[in-house]
Amino acid sequence: MKSDIIKKGISRVGNRALLYATGVCAKDMQKPFIGIASSFSDLVPGHIHMRGLERAIENGVYAGGGRPFIFGIPAICDGIAMGHYGMRYSLASREIIADTVETMQGAYALDGLVLLTNCDKITPGMLMAAARIDVPTIVVTAGPMITGHYKGKRLDLVHDAFEAVGRYKKGEISKHDLDELEINACPGAGSCQGLFTANTMNCLTEAMGMSLIGCATSLAVSSKKARIAFESGSRIVELVKKNIKPRSILNKNALLNAITVDMALGGSTNTVLHLTAIAKEAGIDLSLAAFDKISRTTPKICDLRPSGEYFLEDMEVAGGISAVLKRLESRLKDNPTVSGPSIKKIAISGKVYDEEVIRSLADPYKEEGGIAILKGNIAKEGAVVKQGAVDEEAMTFTGRAKVFDAEEDAMDAILKGKVKKGDCLVIRYEGPSGGPGMREMLSPTSAIVGMGLSNDIALITDGRFSGGTRGPCIGHIAPEASKGGAIAIIRNGDRIKIDIRKRRIDAALSSTEIKRRLKKWKAPKPKVTGGWLSRYARFVSSASKGAVLEITDDKK
């Protein structure tokens, strides 16, 4: 066992003495040491119930014959960090999470890991660590939140809180309604109720075989979730004994399966960043072209919020990810899983209990997958759109540029009514390096939707969008503005043409004019000059490469 290095031999008397100080018994020294990386936090609604899940995992590890050790992992709620300086830390925290798991496993020579996660950047950070350190690992995602209710309607965070701001400004709802939606939209523990980034990544984690069957959609408040946590604790000991490691599961087939499931679900555009980053840690080449190729041939068979009206709890009742896998069985590449059965066997045994929540391939909601990759003269490396959340009438859009160099400026203009039908909002210098941290633009997009302008206004950015974004919103534009990408030289009034079907995004500018403007362009001063974010800005790669930290010759 890896842990023998800290617990066996005469030279480890001091090490053992310190382990005994933690409450370890002599007989525990013969057991696998299992780390439980817990991202419990009182600050994250999706994580506030993890104390109980920690206990369930811990008991499972004991039952399986291992010795559990819980340690903490930082966690950020994107919704609370949204719309202000704090969002700069969200994507950057993904790297800290991966580094923390690596650090703890390396320092303590842990034999196996259970990664307890749920929201936003925590799940991909955990998976990056699993691929990097390659010791037996199971991921436990802590489950979606139940829906809220007000006036007989079901509620979710994005549609009924963030978008309610725009509806209130439009005069569509009263201040009383706004206050009631605010207090009722999120009724308790769990990841936000729609297919936003957290739930998308949790679904893909199960689809990749890194969590037990049923884990992704089992509700945060359910006893089923507690049982899965217990079973995960027991199962990890078996994986350690059999030396089944993540890279035997998190391989190219798993990633391609994840993209297929993502397209069928209509998930968050953030998965492009996260799956690319996980692939890099696993030593796998995964290009943006792979996402678009699979999207072209995979129909969208689910219609969950924000693009539809179903919730994750509906997906759970309809059969969960196993049911989605069943629909896609002919398109999946067989691969091992932490559960034991291969992904194809899990797909074959899946059952669909609601034909509308999870439609057949012959009767999809849309003929193509949920995400599209666009390119053009202002996005030579690529850009990403959640096409599954774009109405047919907005799949092509031509508008006049209205340029902002920060998200706050754009939000101020929207709320003051300075943004009009036919505008294409350009929010730049919000990329991985320029932001820094590639902030999500949920506040402006939600305000636009709430004001009833989602088909009449486009928004393009080198930043990101929340999984809750809908409408013609193009993110991840690369190269980013701070690196001299062409988005940096767009001016107010320039014509921007978006054609999602043809996968194009272009400014109506000649190549000569673009070159002329770029020649005059000067890089702005960094927005952040101290602390962790300044280092992140220096070393982070392009969004087209997953916005991961990398060392190049000019950064040594």
> Side-chain donor-acceptor pair under 3.5 Å between N335 and N257, yes or no?
Replying inline: no
> Between Y20 and R16, is there a cation-pi geometry (under 6.0 Å to ring centre, at most 45° from the normal)?
Replying inline: no
> Taking atom CD1 of I183 as the centre, does the number of heavy atoms from other residues, nucleotides or ligands within less than 6.0 Å exceed 12?
Replying inline: no
> Do T276 and F291 come close enough that some side-chain heavy atom pair is under 4.5 Å?
Replying inline: yes
>> Is it the case that the side chains of S3 and D111 hold a donor-acceptor pair, with the cut-off being a distance below 3.5 Å and no angle test?
In response: yes
> Without hydrogens or angle criteria, can the side chains of S41 and H47 be said to hold a donor-acceptor pair below 3.5 Å?
Replying inline: no
> Rounded to the nearest 0.5 Å, how far apart are SG of C215 and CE of M210?
Replying inline: 11.5 Å
>> Within the structure provided, determine whether K386 and P306 are in side-chain contact (heavy-atom separation under 4.5 Å).
In response: yes
>> Using 0.5 Å steps for rounding, measure from the OH atom of Y62 to the CG atom of D28.
In response: 6.5 Å
> What distance separates K7 NZ from R67 CZ, expressed to the nearest 0.5 Å?
Replying inline: 10.5 Å
> What's the shortest heavy-atom distance between I96 and P74, and which atoms?
Replying inline: CG2-CG, 4.1 Å
>> Taking side chain to side chain contact (heavy atoms under 4.5 Å, CB included) as the criterion, tell me which of T205, I97, T123 meets it with T117.
In response: T123
>> If you count every heavy atom of other residues, nucleotides or ligands that lies below 6.0 Å from K545 atom NZ, does the total exceed 12?
In response: no
>> I'd like to know whether H49 forms a side-chain contact (heavy atoms from CB on, under 4.5 Å) with L53, so could you lay out the CA-CA distance, the side-chain angles of the two residues, the decisive distance to 0.1 Å, and finally the verdict.
In response: CA-CA 7 Å; H49 61 304; L53 296 178; 4.0 Å; yes
>> If I compare all heavy atoms of G65 with all of P32, which pair ends up nearest, and what's the gap?
In response: O-CD, 3.5 Å
>> Side chains of R94 and M126, heavy atoms from C-beta outward: is any pair under 4.5 Å?
In response: no
>> I need the minimum non-hydrogen distance between V324 and V261, along with the two atoms involved.
In response: CG1-CG1, 4.3 Å
> Which atom pair, heavy atoms only, marks the closest approach of P68 to E58?
Replying inline: CG-CG, 3.5 Å
>> Does any part of the side chain of Y536, heavy atoms only, come nearer than 4.5 Å to the side chain of L91, both counted from C-beta?
In response: yes
> Does the pair Y85 and V528 meet the rule for a side-chain contact (heavy atoms from CB on, under 4.5 Å), with working shown?
Replying inline: CA-CA 11 Å; Y85 185 93; V528 178; 3.7 Å; yes
> Is T217 reaching over with its side chain to a backbone N or O of M315, donor-acceptor style, under 3.5 angstrom?
Replying inline: no
>> If I take atom CD1 from residue I259 and atom CD1 from residue I371, how far apart are they, to the nearest 0.5 angstrom?
In response: 9.0 Å
> Is there a donor-acceptor pair closer than 3.5 Å between any side-chain N or O of S39 and the backbone N or O of L116?
Replying inline: yes
> If you draw a 6.0 Å radius around CD1 in I80, do more than 12 non-hydrogen atoms from other residues or ligands fall strictly inside?
Replying inline: yes
> Is there a donor-acceptor contact under 3.5 Å from the side chain of S232 to the main chain of I228?
Replying inline: yes
> Going by atom types alone, do S268 and T197 pair a side-chain donor with an acceptor below 3.5 Å?
Replying inline: yes
> Is a salt bridge present between K344 and D334, judged by a nitrogen-to-oxygen distance below 4.0 Å?
Replying inline: no
> Do the non-hydrogen side-chain atoms of T22 and L18 ever get within less than 4.5 Å of each other?
Replying inline: no
> Between K121 and D78, is there a salt bridge with N-O shorter than 4.0 Å?
Replying inline: yes
>> Is a donor from one side chain sitting under 3.5 angstrom from an acceptor on the other, for N118 and N202?
In response: yes
>> Before you tell me yes or no, could you show the steps for V237 and V61 under side-chain contact (heavy atoms from CB on, under 4.5 Å), namely the whole-Å CA-CA distance, both residues' side-chain angles and the distance that decides it to 0.1 Å?
In response: CA-CA 7 Å; V237 180; V61 172; 4.3 Å; yes
> Is it true that K225 and E316 have a side-chain N and a carboxylate O under 4.0 angstrom from each other?
Replying inline: no
>> Closer than 3.5 angstrom, by distance alone: can the side chain of R439 be matched with the main-chain N or O of H84 as a donor-acceptor pair?
In response: yes
>> Show the nearest heavy-atom pair for residues V384 and V272, with the distance to one decimal.
In response: CG1-CG2, 4.0 Å
Tabulate below the donor-acceptor pairs under 3.5 Å that side-chain atoms of residues 134-146 make, not counting sequence neighbours, or state none.
| unit_1 | atom_1 | unit_2 | atom_2 | d |
| --- | --- | --- | --- | --- |
| D134 | OD1 | R247 | N | 2.9 |
| T137 | OG1 | V135 | O | 2.6 |

> salt bridge (charged side-chain N to carboxylate O under 4.0 Å, His left out) with R464: which of E430, E440, E480?
Replying inline: E440
> Is the closest side-chain heavy-atom distance between Q193 and L312 below 4.5 Å?
Replying inline: no
>> Closer than 4.0 angstrom, basic N to acidic O: yes or no for K224 and E231?
In response: no
>> Could you check whether any side-chain N or O of S218 sits under 3.5 Å from a backbone N or O of G214, counting only pairs where one atom can act as donor and the other as acceptor?
In response: yes
> Would you say P432 and S542 make side-chain contact, with heavy atoms under 4.5 Å?
Replying inline: no
> So do the side chains of L442 and M87 get within less than 4.5 Å of each other, counting heavy atoms only?
Replying inline: no
> Given R305 and D314, is the side-chain contact (heavy atoms from CB on, under 4.5 Å) satisfied, shown in steps?
Replying inline: CA-CA 11 Å; R305 289 199 178 192; D314 299 320; over 6 Å; no
> Do side-chain atoms of D156 reach the backbone of T147 as a donor and acceptor pair under 3.5 angstrom?
Replying inline: no
> Looking only at heavy atoms, which two atoms of G370 and S295 are closest? And how far apart?
Replying inline: N-OG, 4.5 Å
> Around K326, counting heavy atoms of other residues, nucleotides and ligands shown, do more than 12 lie under 6.0 Å from its NZ?
Replying inline: yes
> Got a donor-acceptor contact below 3.5 angstrom from the E238 side chain to the G64 backbone?
Replying inline: no
> Are any side-chain N or O atoms of T469 and backbone N or O atoms of F465, one a donor and one an acceptor, separated by less than 3.5 Å?
Replying inline: no
> Roughly how far, to the nearest 0.5 Å, is CG of L533 from OG of S433?
Replying inline: 11.0 Å
> Can any side-chain N or O of R132 pair as donor or acceptor with the backbone N or O of K280 at less than 3.5 Å?
Replying inline: no
> Any side-chain donor-acceptor pair under 3.5 Å between S223 and R227?
Replying inline: yes
> Is there a donor-acceptor pair closer than 3.5 Å between any side-chain N or O of S307 and the backbone N or O of A389?
Replying inline: no
> If you measure from CD1 on I348 to CD1 on I343, what distance do you get to the nearest 0.5 Å?
Replying inline: 11.0 Å
>> Please determine whether side chain to side chain donor-acceptor pair (under 3.5 Å) holds for the pair S38 and E54, giving the CA-CA distance in whole Å, both sets of side-chain angles, and the decisive distance to 0.1 Å.
In response: CA-CA 7 Å; S38 173; E54 289 173 1; 2.4 Å; yes
>> With a 6.0 Å cut-off on the ring centroids, do Y108 and F33 count as close?
In response: no
